[in-house]
Amino acid sequence: MEKDNLPVVGILCDLEQVGPHPFHMTGNKYIQAIIDAAGCIPILIPAMAEQTRFEDLLTSIDGILLPGGYSMVDPLNYQETEAIEGTKLDIARDKTSFGLIKQAITNGVPIFGICRGFQEMNVAFGGTLHQQLHEQKIFQEHRENKSLSLDEQYADCHQVKLMPDGQLSKIMETETVKVNSLHTQGVDKLADNLTIEAMSEDGLCEAFSVTNAKVFSMAVQWHPEWKVAKNNKNRKLFAAFGTACKARQTARNNNG
Ligand SMILES: N[C@@H](CCC(=O)NCCCC(=O)O)C(=O)O
C-alpha cells in the first residue's frame with residue numbers, strides 16, 4: 001500500500017556567523033518536533049528575504065514554523081529608537097519572517113510561532129514589544145537562568161491561563177497549563193487583529209491567534225518543542241498544527 005505522503009513544513013532559519021562564514025540555521029529540537037509531533041517533513045527556509053519568492057515558496061509548502069532564537073526583533077520595526085547597544089539582532093530573519101507571515105495569511109497557509117516567532121508575528125501585525133521585561137517591575141522573571149542545565153532552563157516554571165472559549169484551550173483541552181519561560185522580551189501592545197489565547201499570572205500575553213484566520217495561525221511565547229514527546233499538552237499543539245498542514249496539503253493536491 002502506498003505510504004501517505006507527508007505535509008511539508010518550512011522552518012525559518014536564523015542568520016548566524018560561524019567562524020568566518022554566515023550560516024542559515026535552526027535548533028534541532030524544532031526539526032524533531034515537526035517530524036515527531038506534527039507528523040510533517042521539515043525543510044529549512046534561509047533568512048534571505050530579498051532573494052525569496054514568497055508567493056512561489058508558499059504555494060509549494062503546507063505550513064510555516066517560526067522558531068525561537070536568541071536574537072531580538074529589531075525595535076526599529078515598531079518604534080523610532082534603536083535597540084540598546086550590544087543587543088543581538090538578526091535583521092535578515094526579521095525581514096524574511098515578515099514576508100512569510102504576510103504571504104502565509106494571504107494564502108491561508110498554517111503558521112505556528114514559538115517565542116521569537118511569537119514576537120515576530122505580533123510585530124508583523126503592528127504590535128509592539130517590551131524590550132526588557134525584567135525592567136518593567138510589573139512582570140515576574142521570564143528569562144532563563146543560563147547557569148543552570150538545559151533541562152532546568154527549559155523546565156515548566158509558571159502557569160498560564162488559557163482563554164476559556166479560545167482555540168488554544170480547545171486544542172490543549174485545558175484552561176491552565178504550566179509552561180517554560182526563556183525570553184527577555186514580551187508583548188507590550190498586542191496587534192489589533194490578534195486574539196489573546198493565554199496570559200501568565202502577571203498579565204503578560206503568552207499566546208495569541210490571528211483573528212478570523214481560516215487555518216491554524218497561532219503563536220506561543222513558551223517552548224512547546226522542548227521534549228514534546230513527553231508533554232501531552234504541547235504534543236496536542238503540534239498535532240493540531242500538523243493536522244492543519246495535512247488539510248492544506250490535501251487542498252493543494254486536489255487543486256493540482
Ligand atoms: N530573543 C527573544 C526570544 C527568546 C527565544 O526565542 N529564546 C530561545 C532561544 C533558544 C531556543 O531556540 O530554544 C527574547 O529573548 O525575548
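Remember, it's 1-based here, ligands and their atoms both numbered in the order they're listed. Note: hydrogens, waters and symmetry copies are ignored here, and every other heavy atom, side chains too, is used.
A salt bridge links R252 to D62: one of the charged nitrogens lies within less than 4.0 Å of a carboxylate oxygen.
Taking both residues in full, the closest heavy atoms of S200 and H158 are given as CB-CE1, 3.5 Å, listed atom of the first, atom of the second, then distance.
Taking the side chain to side chain donor-acceptor pair (under 3.5 Å) definition, one finds that T184 meets it with nothing, sequence neighbours left out.
Listed by chain and number, K29, Y30, G68, G69, Y70, S71, M72, C115, R116, Q119, Y154, L182, H183, T184, Q185, H223 each place a non-hydrogen atom less than 4.0 angstrom from ligand 1.
Within the structure, the salt bridge (Lys or Arg N to Asp or Glu O under 4.0 Å) test picks out the following pairs touching residues 104-124 (sequence neighbours left out): R93-E120, D94-R116, R116-E120. Listed by first and then second residue, the salt bridge (Lys or Arg N to Asp or Glu O under 4.0 Å) pairs involving residues 68-86 amount to none (not counting sequence neighbours).
When ring centroids are compared, H134 and F139 stay outside the 6.0 Å threshold.
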